[in-house]
Amino acid sequence: MASTACFIIVSRNDIPIYEAEVGSALKKEEAAHQHQFILNAALDIVQDIAWNTSAMFLKAVDRFNDLVVFFQEVHELYIKILLNPLYLPGSRITSSHFDTKVRGLARKYL
Amino acid sequence: MANYLAQFQTIKNSCDHLIIAVEDVSDLWPIVKARFEERLPIKRACLNNKTRNPVYVEQLPAEFILTTDSRLRSRFPQEQSVFWFREPYATVVLVTCEDLDEFKTILKPRLKLIVQNDEREWFIVFVSKAHPSNDQATKLAKKIYAKLEVDFSSKKRERCCKLDIHGSEPSFWEDLDSKIVESIRNTLDRRIQFYEDEIRKFSEQRLMPVWNFCNFFILKESLAFMFEMAHLHEDSLREYDELDICYLETVNTTATKHREFGGVDHGDDQAALLKPGYKPLSQIVQDDSFREFEFRQYLFACQTKLLFKLNRSVEVASRGYSFVISFSKTLALHENTLSFCMREVWVITACLALINATISHYKDGIVAPDVEKEFYRLQGDLYSLSRIKFMRLAYLIGYGAHIERSPVNSAALSMLPWPKPAVWPLVPPDASSEVLAKEKMVFQANPRVKHFGIQRKPLPLEPSVLLREANRRRASLSAGNMFEMLDGRPGFTDGSGLDSSLRVSPLKGNVSSMSRTNSSPGNFETTVDRPMRLSEIQVADEHALHQTISDPDLWKSLSSLEGFEQKYLELTKGAADNYHRSWWKRHGVVLDGEIAAVCYKNGNYDLAAKSYEKVCALYAGEGWQDLLAEVLPNLAECQKILNDQAGYLSSCVRLLSLDKGLFLTKERQAFQSEVVRLAHSEMKHPVPLDVSSLITFSGNPGPPLELCDGDPGTLSVTVWSGFPDDITLDSLNLTLVTTSSVDEGVKAIKSSSTIILNPGRNNIILDLPPQKPGSYVLGVLTGQIGHLMFRSHSFSKGGPADSDDFMSYEKPTRPILKVFKPRALVDLAAAVSSALLMNEPQWIGLIVKPVNYSLKGAVLHVDTGPGLKIEESYGIEMERYTKVMQSAGDNGHAHDAGEGCSSVAEEFMQLTLTDGKVQLPDWASNINSVLWLPVRAVDDRLARGSSSVTPQTQSIVDGMRTIALKLEFGITHNQTFERTVAVHFTDPFHVSTRVADRCKDGTLLLQVILHSQVKATLTIYDAWLDLQGGFVHIGQGNGRPTSSFFPLVISPSSRAGILFGIRLGNLTTGGEADPDSILNIRYGISGDRTVGAHTLVAVENSESVGDKQNFLFRSALVLQRPVLDPCLAVGFLPLPSGGLRVGQLINMKWRIERLKDFEENADSCDNAEVLYEINANPENWMIAGRKRGHVSLSEKQGSRIIISIICVPLVAGYVRPPQLGLPNIDEANLSCNPAGPHLICVLPPALSSSFCIPA
């Protein structure tokens, strides 16, 4: 499967704080822009949904249920990052450990 | 039944309302027609919907038709059952009768005949022509009507009503309405039931081979049409929805059967999804069903019509969008049977048709806000979809170079597959000129060069290379999959298509593709069509599209570049506006960026800049830097062209502020050079800019800088520069914010000179003027580069500035500077508290005690007070204080002393005083030290000895001298410390005398008692007495006592006595020149300056104390000659026995007796008066009465007087009693008894029993 997936964590203020391209396809140079663009545009939809539901927004946007384990595990990791006293909530996640783990999870579940 | 389709169509077209049949039995219709038809359409008709729930239809259109009308006649029963919806829904029987017999015989049987048909819903309207004035006729009519009711009405149902033509009966019309509605309702119910039964029956046969969709459709649509006629639109819509689902199921399940799809007629490219009557159904019928292309559009059109009737334009849009999407997929399946790009064209026209229809039906403001948002979002989606398809078409015919290769276009187009016609269209034979024109166009459209020389791989607008795709589709026609085999090469399909399709010249592309084909077996030149060049493909596409597109407007948009741009702009604007209205700001703003690109290309830089600004603001606000990096250079370029220097400068700085990885170093350097060039260009106004992400700063790690109040300092700040090269700052200011108080505001500190920031970390040292006490954190960094005034709020977190630039963190409040409250920084004190020698050079020790503060470079101003001067001939000495203390035997500072060992060589120093100032040495800056000042206290007065008669009255103030000290210290001598030190000086001795013995030969033994006044051992080498007149030494001596006693050593604070033998001599010998005797003492002193009085020698010479160091001390003594010729005698009369007690009144008495006359003063009459004065210590005595006064005493010898005065003793003990003095009488003429001072005993007060409280 030569699909590629782009995983971005966006903070409360719509700022991307973590970005990972996962998938088996060859990485294209120009693809990075496009992924960002598409995900940014997707925020419009999330924003709409945020007004309508108090449940998880992603559930309503995409095939969430296929990916639920992945998201749960990443959430666990994110909480660990948050617990780090040196991490300022809302700032970019630069932990290489986190990155490795997320990529590992992506290989496993996506 | 399929043959009925045409008929069905005409029936549907001809009747769109319910029919009410009128059975005009008595030829009454012409009379009542007008009044009946006034009732139409029927108001608030209560009907039952399919689920048998009442529905109120506000306006139900209907038509009265006579049963004799041709429209209701000549129908076959077969037709009737299918098209039952067009049959009358009620039958009104109009009768009148004026004769009872006639009713019975003629009318009643006729009526019975009419109403026997049970199928029909009927009721009878009896029209009474009787005039109200005609009583008989009225009665008759009533009678007949009663008969009628009996015959035709039942208990269940009233079937009769009566209309008086001449009377006004409003209740009749309501009755009529209700009866009509009742009939319609019943009929409708029955027919619904019928259709439902039929449909159910039909559905049961669905899987059987005989099943025919057309028949099912006719039944279903008949029902739907009936609902529509009855204005039950909801039900009608539901029928169509079911029909839609059912049809799709049919299509999908019977996919194996070869069917025609449709859509091959001319004009089919224009979507008919809103035109139900576009094609007659009979034309699209195929076998037992319909062609999908037309039929699905038809069904959708019917649904749309109903939705618009229900005022649900929003739903039209949403259903329409999903219909377009799903239908587009269906078209893709059948693409090889359709004309070239039919699918794209259909989508464009469908979207535009939907947009126009929904907008025209949409009534603003009547829906909820979120529905309105949804509506505009759908509009935006539709616009966006048509825009994408339009771009695809434009690309195919060669406008690709004019489409911005932006992320939005690329995202849309690069994932959209090429059209897949069965065969790619071929170039028409006579199109060589067009091919040339296309080639020319491609060459002329030079690809847009990015600003600042940014090198980026352009984003793709195509899923794969068009050249290859088209040729492959052609080649597969005749040579199998030869090109598809070649596709297997990796890196060819996913490589950037642009390079080979646009940059490489067509010839070269041709050659390369030829070389590949040459390697394969077979000679393609002969067997296969020559591969087309890109321009040929474009021309071929254009021709094919021209064939496909039937809409002249759409073709016009594609036939010229201007047309394309206009349409492109229209679609983009439509999408952007609608997205903005729907609050999908990201979608909207992105499309704004596309509009900006077009504006830019057309030279409308102003608009372009505005739009780009919006886009940049969005991305910057949300921190999507990759996207920002894409757009910001465009904005910068616009601003540059518009000569918006401030904006351009700001954009350049923002470009620099972006993540470093987003641009090459070379590009970043280009940004910087632009910034520098602009900043130093001739701008009128300075441009303020926030560079928080570019220049960050922080204090140095570690504890904050600590300063004492009033001290300046230097603050070291770390500044990170995000510039790729060194940058010169003209100035740099930093504000400090107090953490304690708000009102203090901020203090700016400035760097004095220009600063060059290297890329990365820089250490900046800033001079810090004295600050108020408190702790400070860093505030804002401001500075200037030419006209660029920048400020940065951003703290870096210890590393290089990372890219979370747009976030506002809470600033860390780690203090960078602490200024302490004012405190004592130094102390100056006198080293010695005991007295020093008066009139001799002495060292004054001043202890300089720094209190945790360096005295480096301190200067001491010394100002001696009156009576004190500095001995210039000696140097000032300075030494370590602890050492002094140690030598004094104090071991408490042993630790300090040990510490000072290393610098022992420096711990003693000679200093010089210049202009009253002393520069303190550096080694003394942190340690306690003593400064020895050589001084001499000057006192011109001769020391006076005291006799045992007159007590010592020397005041301590006499020996007090002051030195005003002012110490200037601190880094810039900003700190001062002032103190006035008091030093006590004294004579070495206090001398008191007493006559030890009076020998019979007149020799007086004068005892001179020397009290040592200093804390030093005094050694008396010699002492002699210069006697005043009237006294001479005994013998012929020079007044020296026996010399063998000398040197006489007197320990500190001890006493020594010297006895002189003198006798009274001739008074005249001395004369008045010598009123006092002078005691001369030559002495030496061996004291330590750290303790008290001492000899002033340098410390190192202290061993060589010799005679030269002897001092001479002179003290005046008062010797009194004995009284030789007393004139008056004063006697203290004894006190009462029993002693005195405190508080007891006593009478003191003195007796004055004249011993002889004053011959020399006899002529003075005042002599009779004697002045007296009582001297008493007020602390000991309270005196009542006159202390001073005159008493008269007779001139005669032997006269006496007693002066008495009442005193109260105040203290117990031996006290000196009050004394009586006679100031006018020379002491020599007085004889006192007792002669000297004496003491009396005063007892404590008697206990007062009244204060005793029994136990």
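This structure is a prediction, so every number in the text was calculated from the model and none was measured. Protein chains get the first letters and strands the later ones, always in sequence-line order, with residue 1 at the start of each.
- A:Leu39 touches chain B through backbone and side chain together, each having a heavy atom under 4.5 Å away.
- At a 4.5 Å heavy-atom cutoff, B:Ser406 makes no contact with chain A through either its backbone or its side chain.
- With B:Trp418 as the aromatic partner, B:Arg392 meets the cation-pi criteria of under 6.0 angstrom to the ring centre and within 45 degrees of the ring axis.
- A donor-acceptor distance shorter than 3.5 angstrom exists from the side chain of B:Asn578 to the backbone of B:Gly574, with no hydrogens or angles considered.
- If you tally non-hydrogen atom pairs under 4.5 Å between each of B:His587, B:Glu622, B:Lys585 and chain A, the highest count goes to B:Glu622.
- Taken to the nearest 0.5 Å, the CG atom of B:Leu461 stands 9.0 Å off from the CD atom of B:Glu404.
- Of the atoms belonging to B:Val408, heavy atoms from both backbone and side chain fall under 4.5 Å from chain A.
- If you check the side chains of B:Asp381 and B:Tyr579, you find a donor sitting under 3.5 Å from an acceptor.
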